[in-house]
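For reference, the structure discussed in these notes is given below.
Here is the naming used below: chain letters follow the sequence lines, and residue numbers restart at 1 for every chain. Remember, predicted model here, so these are calculated numbers, not experimental data.
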Amino acid sequence: MNNTVDMIMIFLVLTNLALLGLSRLGACIRVAAVQGIVLGMLPLALNRGDIPLHLGLYSAVLIGLKGIVFPWVLLRLLKELKTRREIEPFVGYGTSIALGMAAFVSCIWLGHRLPLPEPGMSALIVPAAFFTIVTGLFLTVSRKKALTQAIGYLVLENGISAFGAAVVETQPLLIELGILLDAFMAVFVMGIAIFHINREFDHIDADKLSSLRT
Amino acid sequence: MVILLKILNLAVTLTAAPLLLGIIIRVKAWFAGRTGQPLLQPYYDIWKLLRKGTVYSVSTSWVFRAGPLVSLAVTLTAALLLPMGGLPAVFAFDGDFLVFVYLLGLLRFFMIVSALDTGSSFEGMGSSREAAFSALCEPALLIGLAAIAKITGHASLTPMAASLQPALWTAAGPAFVLVGFALIIVFLSENCRIPVDDPTTHLELTMIHEAMVLDHGGLDLGMLQYAAALKMWLLGLVLVGVVVPIHSGFLCLDTAATLLCMGLLAVLVGIVESSMARIRLLRIPPLLIGAAALSVLALVLVYR
């Protein structure tokens with residue numbers, strides 16, 4: 001069982017690296033979707049023995065929202081936009097990947113300092129979850145397009161949810177679902193906002209918005 | 001007996017290397033709906049070139065003439081270090097994986113130097129690209145092998161390959177998957193296959209390896225082509241050795257399985273080449289840095 005969790009965590013790290021190195025927005029959305037689907041399987045993989053009903057439902061909701069609904073919203077948005085790829089981000093792609101590796105190493109160090117409440121868990125959970133959070137933050141600050149920043153937010157949420165999944169047996173399901181609902185709302189609000197920015201300015205370059213101040 | 005096995009290993013490596021290329025070309029032809037050239041065409045090509053004379057430009061020096069010879073010699077030396085399936089390598093000593101990686105580095109260096117010696121701007125461009133990309137490939141290969149050395153606890157390729165049991169795969173699966181992916185990217189890049197370089201383009205501004213060998217002809221070109229085929233075989237052996245650790249205990253079975261996997265690898269490369277386009281030159285460094293990142297990740301996982 002632990003090996004499956006390890007695999008999921010490695011997959012999480014790989015998708016993060018892919019997000020750091022990809023420039024095409026469509027590909028970014030799809031990678032984030034795959035990340036969401038894999039993350040949705042995490043609660044099931046973590047559970048030993050029988051799978052209780054609420055966990056199965058939670059997993060299904062997670063996969064449905066992060067794997068299907070969010071990407072669908074963002075891909076529809078992408079159709080409306082003229083932009084297809086991130087051009088000239090603040091930090092280049094090669095540098096992003098290198099920084100990502102450095103971040104992962106420091107996350108592993110952090111993981112050693114933060115042992116999980118339950119022993120016997122995969123030692124990769126905390127580093128991978130933190131790395132996902134850091135990747136999400138990094139994507140939001142280092143990319144210019146509003147859509148990539150929305151993807152960064154999604155990845156950030158994925159990381160938090162991965163961290164939560166590790167302690168889901170001690171954490172009420174209600175809180176998890178509440179967070180998901182918030183994320184759901186946020187993606188819709190961001191989608192609408194990006195759509196309007198695009199309507200108004202013919203681009204979704206968030207960097208240029210700072211020149212609006214007079 | 002062991003001596004015989006070692007010689008058999010070397011003999012198979014030396015004779016089967018160009019076949020890999022033949023399979024790739026055949027698979028590509030099959031995808032394009034053509035019959036394609038005979039499977040043994042690379043052998044005929046090399047044989048034809050080896051019988052030809054060579055022409056040297058007056059502007060070149062001994063470096064240009066030494067290039068193909070040194071390339072072939074270095075690749076042959078590297079071939080002595082790799083085990084194949086159940087067959088042990090001719091030489092095995094602690095740290096020989098480092099020697100293997102840097103022999104490939106030496107090969108690259110001499111290819112580049114002899115290409116630069118012609119003074120052609122075209123070959124200079126190819127050399128510059130080759131240097132840039134292989135500088136990124138080298139850490140991926142070296143760190144990947146180092147991770148495997150750490151997992152198996154051996155610093156020599158032959159015992160390393162012998163101790164890569166399926167049980168080890170289940171114990172350190174994630175690290176193996178990462179190194180496997182990194183090695184696939186290194187394999188494609190180092191052998192100038194499609195996502196990085198297109199081996200079928202000549203006289204195009206995007207090519208890398210083919211640009212460097214433009215001025216070599218006849219015997220020299222034959223040696224370079226054979227060295228390239230050998231290099232592909234060796235890197236393929238490393239890849240297959242890591243990804244498909246078969247140790248049934250029967251020597252023939254292990255070796256046959258390894259050879260079969262080499263064939264499958266060639267088919268896989270053919271499929272990749274038929275279904276993908278070469279990626280843009282500017283997008284290659286992130287890909288190779290990504291491969292290096294995978295290897296570093298594997299090493300970190302192992303050392304964690």
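In this structure, chain B has no heavy atom under 4.5 Å from any part of A:Leu20. With a 4.5 Å cut-off on non-hydrogen atoms, A:Thr95 does not touch chain B at all.
Applying the ring-ring contact (aromatic ring centres under 6.0 Å, His included) definition to pairs two or more places apart or across chains, none involves residues 59-100 of chain A.
Inspection of non-hydrogen atoms places B:Ile289, B:Gly290, B:Ala293, B:Leu294, B:Val296, B:Leu297 of residues 287-299 of chain B under 4.5 Å from chain A.
Environment of CZ in B:Phe109: sparse, with no more than 12 heavy atoms of neighbouring residues, nucleotides or ligands closer than 6.0 Å. Counting non-hydrogen atoms of other residues, nucleotides and ligands closer than 6.0 Å to CZ of B:Arg283 gives a total above 12. Residue B:Phe31 qualifies as enclosed at atom CZ: its count of foreign heavy atoms under 6.0 Å is above 12.
Checked against side-chain hydrogen bond (donor to acceptor under 3.5 Å, both in side chains), B:Glu123 has the following partners two or more places apart in sequence or in another chain: B:Thr118. Residues forming a ring pair (Phe, Tyr, Trp, His ring centres under 6.0 Å) with A:Phe130 (at least two apart in sequence, or on another chain): A:Phe163.
For B:Val177 against A:Met7, the heavy-atom pair with the smallest separation is CG2-CE, 3.7 Å.
A heavy-atom distance below 4.5 Å is found between the side chains of A:Ile108 and B:Val300. Between B:Leu301 and A:Asp6, every side-chain heavy-atom pair lies at or beyond the 4.5 Å cut-off.
Note: B:Pro174 leads B:Pro285, B:Pro286, B:Pro174, B:Ala175 in heavy-atom pairs under 4.5 Å with chain A.
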